[in-house]
Amino acid sequence: MTTQSFKNSKQEFNFGPWKLTANKSHIMKSKDIEKLAEEMKIHSLPEMLFGDNVLKVQHAGGFGIVFNATDALRTVDNGHGTVKVACADAWQESRADSEHSKVVKPYDWTFTTSYKGTLLGDNLKLKVTPTTERIDLEKLKTREQIMYFEEVLLFEDELHDHGVSMLSVKVRVMPSSFFVLLRFFLRVDGVLIRTNDTRVYHEADKNYLLSEYSSRESYISALQNVPQYLFTDPNEISQYLPLKQLTCEKLEFPEAVDNSTVFGNVQICVNSDEANRESRQT
């Protein structure tokens with residue numbers, strides 16, 4: 001299970017007209033989780049649910065995007081899609097001798113979410129349109145000063161000791177841009193590995209953000225030539241998973257917003273070597 005400090009913390013960083021806020025708090029209490037599950041009509045919620053954890057990226061004009069666990073769980077498909085049923089059947093077959101395998105699960109017990117974030121703004125919002133423009137991941141790998149980096153865990157569940165289902169979001173800010181990676185990672189031991197990633201990228205001189213959602217997965221039986229120690233590392237294993245879905249979108253500023261803001265109000269902070277290593281993930 002992911003190591004996470006459960007002390008309350010709130011970090012803010014200004015990048016020109018943008019304010020990035022990372023709020024980290026305690027795991028939700030059992031009674032609050034049960035109440036939320038009833039409200040959402042979900043049989044069960046992740047055992048480690050950080051309901052107050054948030055990463056918010058907001059423009060001075062009021063618009064922006066926020067990432068939180070509650071909205072993410074609302075996108076969980078609790079129907080009986082063929083992929084989920086097949087996976088559940090395979091998982092139960094692989095655990096045929098366990099008491100847990102006898103439990104019928106009338107919900108998506110993997111908590112798989114296709115969440116891309118929640119748009120902010122009352123009168124002004126980002127306009128979402130399809131695009132062929134892609135995020136330059138090679139550019140993100142170049143050595144540029146990291147002025148701010150933060151990681152926020154939204155939820156995690158160990159699937160009754162048979163794997164892990166986890167959603168987290170990371171942000172890093174460079175002098176010319178910022179980059180957000182929201183990652184859902186699922187590993188059902190002996191059965192399946194899946195990653196659903198949302199990447200959001202913005203360059204300071206642009207009047208839009210780029211958003212890329214990708215879904216990758218593979219049955220573990222098809223990963224026989226991959227070292228098993230990589231199965232627990234989302235950053236390493238994702239390159240071995242076939243791409244199942246890719247959605248590229250442009251998040252355009254509202255027309256009423258003037259993008260002539262001078263980026264002079266940028267905070268400079270020095271990261272440790274460890275933080276820089278973490279922040280290079282794309």
Side-chain angles (χ1 to χ4, degrees), residues 1-26 48 50 52-60 64-69 72 115-118 120 134-156 166-185 195-206 209-214 232-239 251 261 263-282:
M1 182 171 288
T2 300
T3 301
Q4 166 90 9
S5 174
F6 298 140
K7 293 182 179 179
N8 291 335
S9 69
K10 183 177 182 180
Q11 301 290 333
E12 295 184 342
F13 186 84
N14 293 319
F15 179 69
W18 296 91
K19 175 178 284 188
L20 297 90
T21 304
N23 189 75
K24 294 193 280 190
S25 188
H26 298 273
M48 292 178 62
F50 298 88
D52 292 326
N53 282 14
V54 170
L55 175 67
K56 182 165 63 174
V57 180
Q58 189 165 27
H59 191 275
I65 188 168
V66 64
F67 304 89
N68 65 80
Y115 184 55
K116 302 175 186 176
T118 305
L120 293 170
R134 299 294 303 275
I135 297 173
D136 188 346
L137 297 182
E138 291 304 315
K139 181 178 180 180
L140 286 169
K141 293 177 183 177
T142 60
R143 285 289 174 182
E144 189 176 7
Q145 180 187 12
I146 305 299
M147 302 190 302
Y148 175 71
F149 172 79
E150 191 58 82
E151 179 176 8
V152 180
L153 179 62
L154 300 179
F155 70 70
E156 184 173 354
M166 179 172 62
L167 182 69
S168 63
V169 59
K170 302 176 183 180
V171 60
R172 81 177 194 245
V173 181
M174 291 74 69
S176 62
S177 60
F178 63 75
F179 174 71
V180 177
L181 171 60
L182 174 74
R183 169 164 286 167
F184 170 79
F185 175 67
T195 61
N196 288 347
D197 291 346
T198 295
R199 292 173 171 84
V200 177
Y201 178 67
H202 173 63
E203 294 185 354
D205 60 344
K206 306 292 186 183
L209 297 79
L210 292 176
S211 173
E212 293 184 6
Y213 170 81
S214 62
T232 60
D233 188 336
N235 300 307
E236 294 295 332
I237 194 61
S238 61
Q239 63 185 305
L251 311 182
T261 305
F263 275 71
N265 184 26
V266 177
Q267 301 172 356
I268 304 297
C269 66
V270 179
N271 291 46
S272 66
D273 290 340
E274 180 178 357
N276 274 282
R277 286 197 299 271
E278 289 285 341
S279 63
R280 294 295 170 187
Q281 297 167 5
T282 57

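For reference, positions follow the sequence shown, starting with 1.
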Of the non-hydrogen atoms in [X] and [Y], which two are nearest, and what is the gap between them?
{"X": "Ser25", "Y": "Asn53", "answer": "N-OD1, 2.6 Å"}
{"X": "Pro175", "Y": "Gln145", "answer": "CD-O, 3.2 Å"}
{"X": "Ile65", "Y": "Lys116", "answer": "CD1-O, 3.6 Å"}
{"X": "Asn23", "Y": "Asp52", "answer": "ND2-O, 2.8 Å"}
{"X": "Ala204", "Y": "Phe15", "answer": "CB-CZ, 4.1 Å"}

Check: Asp197 side chain, Arg183 main-chain N or O, donor-acceptor pair, under 3.5 Å: no

Short side-chain to backbone donor-acceptor contact, Thr198 and Tyr115, under 3.5 Å: yes

Atom pair [atom1] ([X]) and [atom2] ([Y]), whose distance is rounded to the nearest 0.5 Å:
{"X": "Ile135", "Y": "His202", "atom1": "CD1", "atom2": "NE2", "value": "12.5 Å"}
{"X": "Phe13", "Y": "Lys19", "atom1": "CZ", "atom2": "NZ", "value": "12.5 Å"}
{"X": "Ile237", "Y": "Thr232", "atom1": "CD1", "atom2": "OG1", "value": "9.0 Å"}
{"X": "Lys56", "Y": "Thr118", "atom1": "NZ", "atom2": "OG1", "value": "12.0 Å"}

Pairing residues for Glu150 by the side-chain contact (heavy atoms from CB on, under 4.5 Å) criterion, not counting sequence neighbours: Gln11, Ala22, Lys24, Tyr148, Val152, Val171

Contacts of type side-chain contact (heavy atoms from CB on, under 4.5 Å), residue Ser177, not counting sequence neighbours: Met174, Tyr201, Glu203

Would you say that [X] contacts [Y] through its side chain, given a criterion of any heavy-atom pair below 4.5 Å between the two side chains?
{"X": "Phe67", "Y": "Val180", "value": "yes"}
{"X": "Leu140", "Y": "Arg172", "value": "yes"}
{"X": "Phe184", "Y": "Leu154", "value": "no"}

Partners meeting side chain to side chain donor-acceptor pair (under 3.5 Å) with Ser176 (sequence neighbours left out): Glu144

Passing option when Val169 is tested against Val200, Leu182, Leu153 for side-chain contact (heavy atoms from CB on, under 4.5 Å): Leu182

Leu210 and Arg199: CA distance, side-chain angles, deciding distance, side-chain contact (heavy atoms from CB on, under 4.5 Å) verdict: CA-CA 8 Å; Leu210 292 176; Arg199 292 173 171 84; over 6 Å; no

